Amino acid sequence: MVLEVDDGKVRKSKGDARHPANFGKLCSKGLTVSKTIAAKNRLTRYYKRLGSQKTAMVELSSEQALDEISDKLSKIRDEFGGDSIAFYLSGQISTEVQYVANKLAKGYLRSNHVDSNSRLCMASAAVGYKKSFGADAPMGSYQDIEHADTMLIIGSNMADCHPILFQRVLAQQKKGARLIVVDPRRTESAKEADLYLPIAPGRDLSLLVGWLRYFVEQDVIDREFISQSTAGWNDWEQEITINPEFSLEAVAEQTGLDAADIIKAAEWMMAAKGLMSFWAMGLNQSRRGTHMTSAINNLHLALGKLGTLGNTPFSLTGQPNAMGGREVGYLVNALPGQRAVMVKEDREFTEKIWNVPADTIRPEPGAHAVNMFRKIKSGEIKAIWVIGTNPIASMPNNQEVKEAFEHAELVIVQDAYHPTETAEYADYLLPGAIWAEAEGTMTNSDRHVTLMQQAVEPPGDTTADWKIVTEVAQRMGYRDAFTYQDAESIFSEFKQFINPLTGWDLSGITYKKLAQEGAMQWPYPEGATTGTARRYVTETGFQFAFPDGKARIVQTPLAEAPLSVNTTYPLVLTTGRLPHHWHTMTKTGQVDALKKLNDRPFLHIHNLDAQKNGIEKNDWVSVESIHGRAELPVLIDDQIRPGTCFSPIHWNDVYGEKLCINEATSPEVDPYSFQPELKYMRVRIAKIEAKNYRFFKQRAETTPMQEAYQEGLLAGQAASGFSVRQKQILAEQFMAGFRLL
Ligand SMILES: Nc1nc2c(c(=O)[nH]1)N[C@H]1C(S)=C(S)[C@@H](COP(=O)(O)OP(=O)(O)OC[C@H]3O[C@@H](n4cnc5c(=O)[nH]c(N)nc54)[C@H](O)[C@@H]3O)O[C@H]1N2
Ligand SMILES: Nc1nc2c(c(=O)[nH]1)N[C@H]1C(S)=C(S)[C@@H](COP(=O)(O)OP(=O)(O)OC[C@H]3O[C@@H](n4cnc5c(=O)[nH]c(N)nc54)[C@H](O)[C@@H]3O)O[C@H]1N2
Ligand SMILES: [Mo]
């Protein structure tokens with residue numbers, strides 16, 4: 001993104017034409033970023049709470065806050081051990097702060113309780129990749145889109161959640177590529193599909209394995225590739241061909257899809273010269289999430305459609321820097337450079353760079369997010385430091401998380417905006433500078449590292465997030481290990497973690513080159529002149545990140561089925577995003593244009609389910625699971641599967657009691673990735689008395705913003721590969737919003 005700065009303020013944002021992800025195009029959230037940087041709700045001072053949780057907070061100086069926090073953390077460390085301190089981090093903060101927080105915890109406090117909101121997001125894809133290819137992160141690139149002739153989007157609403165990338169998909173479709181979309185809702189992505197499969201929620205694994213069996217039956221397996229470059233095929237082939245669960249009839253029955261459509265999609269994939277598969281939360285946020293990634297990888301391996309132009313499985317990363325976090329190792333089992341705490345050599349390697357004695361790093365993984373909050377509740381973990389995420393709103397079954405925070409001895413929340421749901425529970429609130437106000441790097445879905453340059457001064461007392469963490473670490477007695485001149489010195493230390501097995505290598509990347517040349521794609525070894533678009537491909541063939549160089553055909557049985565609906569809980573609740581808001585809306589909730597474009601929360605239900613429950617337009621309903629209940633206005637139409645309901649995740653406690661859908665979601669986790677099943681919960685609904693919430697008050701004077709928004713949106717559209725229909729939708733949405741302004 002390029003920011004136009006005038007008089008110390010960001011006036012306008014535009015895309016960076018050089019950037020290989022967007023080539024200069026921005027979505028509505030990017031176009032209005034000047035509003036969120038200067039929003040009235042920025043947290044600009046340090047605060048502490050004198051009384052119990054939810055009472056008023058008082059301002060204090062940064063020095064005093066940092067001294068007090070360091071004292072309190074040191075006392076807890078000395079009395080209960082460093083592993084009574086936990087960190088909950090985010091894919092929305094820089095690689096540099098992720099790195100220093102992880103180093104402080106695992107290397108100095110000897111606590112492996114470092115997890116992040118990536119546990120709710122990318123954990124299943126990350127583990128799935130490791131199981132298939134030996135290492136995390138996609139092997140292909142965005143640029144494969146321009147070479148694909150068949151694209152599968154399964155469990156992602158790319159049109160709304162990766163809108164700029166979706167424009168590239170649509171542009172390729174215009175050139176003749178076929179698009180298959182699998183989603184229980186007829187989303188904006190589904191509407192563009194050449195083949196739309198309205199799957200029953202939670203059943204994608206049947207479909208994916210069913211397709212694999214069909215490939216076997218049609219005799220299109222790339223036997224040469226399988227025998228040279230993979231291991232484990234024969235057993236799985238045998239199992240899927242004899243197991244009746246994977247017959248076409250059984251798969252059609254399980255998924256609620258037409259057998260003819262299942263076959264049509266398979267035929268298109270078989271015939272493809274370039275096959276790209278995209279997936280996101282519709283698959284990851286499931287108790288079978290890891291298996292789903294493996295199953296998609298299996299399809300590509302079986303057909304030998306990977307590692308060449310336009311052929312790759314490609315998991316879409318949600319947050320701006322979740323990939324950086326995965327590289328840094330900000331999950332409970334990981335260490336920098338795609339290493340693991342369980343592996344002795346990895347610990348030794350890390351201990352050397354961190355300059356700590358042998359056996360400092362503990363070999364057992366810490367507690368993953370859901371368990372971390374449970375351990376806080378039980379008192380095993382005493383202190384938690386949250387940076388750049390809002391778990392009271394975004395964790396499943398959030399009542400449990402609230403109880404955890406109530407039990408904690410010390411809650412530190414480092415955020416850039418206020419209020420947030422989580423800040424209500426903080427003992428200390430620390431103001432982090434956001435990306436435009438401090439230097440740092442982020443890595444995107446396709447392994448491009450981008451430098452965030454400082455464009456404006458951070459407001460008030462806000463400080464770079466990494467600086468806050470290192471200031472506390474220094475005060476806790478680790479001065480030598482945490483004295484960094486600037487963000488780049490952290491990056492330089494991180495670069496030493498080159499991993500020859502996985503190919504993770506940033507050694508050729510410097511801040512200077514990033515500033516001069518733009519984003520750089522890893523693996524990018526020292527001396528290289530370009531990045532690596534396709535991993536695991538060598539002159540002599542494929543070299544996956546296992547010692548024998550072979551990819552693994554991972555068996556993905558249908559165990560761990562989601563619980564079927566019953567008479568008490570007859571509907572399946574799924575959750576997700578709207579195009580114009582970002583998560584818990586600390587940013588987008590401040591931008592008038594966006595507020596008007598998506599103006600209220602809702603529970604989306606099918607006409608038939610509305611009828612069955614005596615619910616009509618403008619009614620409010622309670623949506624209730626065994627865990628809890630939310631209360632929402634309804635949206636009724638035929639664009640969702642009967643039996644399934646959907647709620648966006650954006651409106652939470654700050655906007656009103658019982659709006660938070662995570663009061664009702666499931667804390668069940670995938671057994672390999674420990675990612676919660678946020679896309680599937682059995683619920684019942686009932687009409688309740690309508691509430692008269694005014695979600696967004698209308699405002700009078702917004703003219704300059706209207707203009708900027710209109711200008712930006714239209715410029716974005718003009719430059720894009722939108723279809724005529726897509727443009728119409730946007731224009732209508734925009735006009736609807738514009739009229740309200
Ligand atoms: N506008 C906007 N864009 C965003 C974000 C945002 O907050 N707002 N957040 C970013 C982040 S962090 C992320 S992780 C990504 C998420 O990007 P996506 O994963 O694309 O978004 P979601 O809306 O969470 O879910 C995607 C789709 O999964 C479908 N789904 C639900 N259950 C199932 C199922 O069982 N099977 C299948 N096949 N589909 C199912 C839902 O109907 C939904 O359309 O978006 C990123 N981009
Ligand atoms: N039911 C349900 N729940 C979900 C999901 C779902 O699909 N369904 N999706 C899950 C997924 S994929 C994700 S990624 C999570 C997202 O959930 P969260 O991470 O909790 O959501 P955000 O609103 O993005 O929270 C980011 C916080 O960081 C603050 N912040 C922003 N920039 C900075 C910065 O530079 N520094 C600091 N210190 N703070 C900053 C923001 O103000 C905000 O409070 O939600 C998860 N929860
Ligand atoms: Mo995410």
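In listed order, ligands and their atoms are each counted from 1. Since the structure is predicted, the reported quantities are computational estimates derived from the model, not experimental observations. For the single chain, residues carry numbers from 1 onward in sequence order.
- Counting heavy atoms under 4.0 Å from ligand 2, residue Pro396 does not touch it at all.
- Between Arg577, His583, Met122, it is Arg577 that holds the heavy atom closest to atom 12 (S) of ligand 2.
- Counting the atoms of ligand 1 from 1 in the order shown, those under 4.0 Å from a heavy atom of Leu578 are 1 (N), 2 (C), 8 (N).
- Checking only distances, Trp435 never comes within under 3.5 Å of ligand 2, N or O to N or O.
- Within the structure, ligand 1 lacks Gln285 among the residues with a heavy atom less than 4.0 angstrom away.
- Close N/O approach between Thr575 and ligand 1 is not found [any backbone or side-chain N/O within under 3.5 Å].
- Given atom 43 (C) of ligand 1, the protein heavy atom at minimum distance is Asp183 OD2, 3.4 Å.
- Using a 4.5 Å heavy-atom cutoff, the side chains of Asp160 and Thr187 are not in contact.
- Note: no N/O pair closer than 3.5 Å links Thr420 and ligand 2 by distance alone.
- A salt bridge is absent between Arg287 and Glu560: the closest approach of a Lys/Arg side-chain nitrogen to an acidic carboxylate oxygen does not fall below 4.0 angstrom.
- Heavy-atom contacts of Gly202 reach the following atoms of ligand 1: 34 (C), 35 (O) (cutoff under 4.0 Å).
- In this structure, atom 36 (N) of ligand 1 lies nearest to the protein heavy atom Asp204 OD1, 2.8 Å.
- Residue contacts with ligand 1 for Thr574 involve side-chain atoms from C-beta outward but no N, CA, C or O (heavy atoms, distance under 4.0 Å).
- Of the listed residues (Ser286, Ala159, Cys161), the one carrying the non-hydrogen atom nearest atom 17 (O) of ligand 1 is Cys161.
- Not a single heavy atom of Pro431 lies less than 4.0 angstrom from ligand 2.
- Of the protein's heavy atoms, Gly318 CA, 3.7 Å lies nearest to atom 15 (C) of ligand 1.
- Distance from atom 47 (N) of ligand 2 to its nearest protein heavy atom, with residue and atom name: Ser394 O, 2.8 Å.
- Note: Phe314 and Tyr142 have tilted aromatic rings, judged against thresholds of 30 and 60 degrees for the angle between ring planes.
- At a 4.0 Å heavy-atom cut-off, ligand 2 touches Ile649 through the side chain alone.
- For the pair Gln319 and ligand 2, the shortest N or O to N or O distance does not fall below 3.5 Å.
- Contacts between Asn662 and ligand 2, counted as non-hydrogen atom pairs separated by less than 4.0 Å, involve the side chain only.
- Residue Lys679 has at least one nitrogen or oxygen atom sitting less than 3.5 Å from a nitrogen or oxygen atom of ligand 1, judged on distance alone.
- At under 3.5 Å, a nitrogen or oxygen of Gly388, whether backbone or side chain, sits near a nitrogen or oxygen of ligand 2.
- Considering backbone and side-chain N/O of Pro579, one or more are found under 3.5 Å from N/O of ligand 1.
- If you check which protein heavy atom lies closest to atom 14 (S) of ligand 1, you get Cys121 SG, 3.2 Å.
- Within the 4.0 Å heavy-atom shell around ligand 1 one does not find Leu316.
- Of the N or O atoms in His650, none lie within a sub-3.5 Å distance of an N or O in ligand 1.
- Considering backbone and side-chain atoms together, Trp582 places no N or O closer than 3.5 Å to any N or O of ligand 1.
- Considering only non-hydrogen atoms, atom 28 (O) of ligand 1 lies nearest to Gly282 out of Ser90, Gly282, Ser28.
- Geometrically, ligand 1 and Met281 share a nitrogen or oxygen pair separated by less than 3.5 Å.
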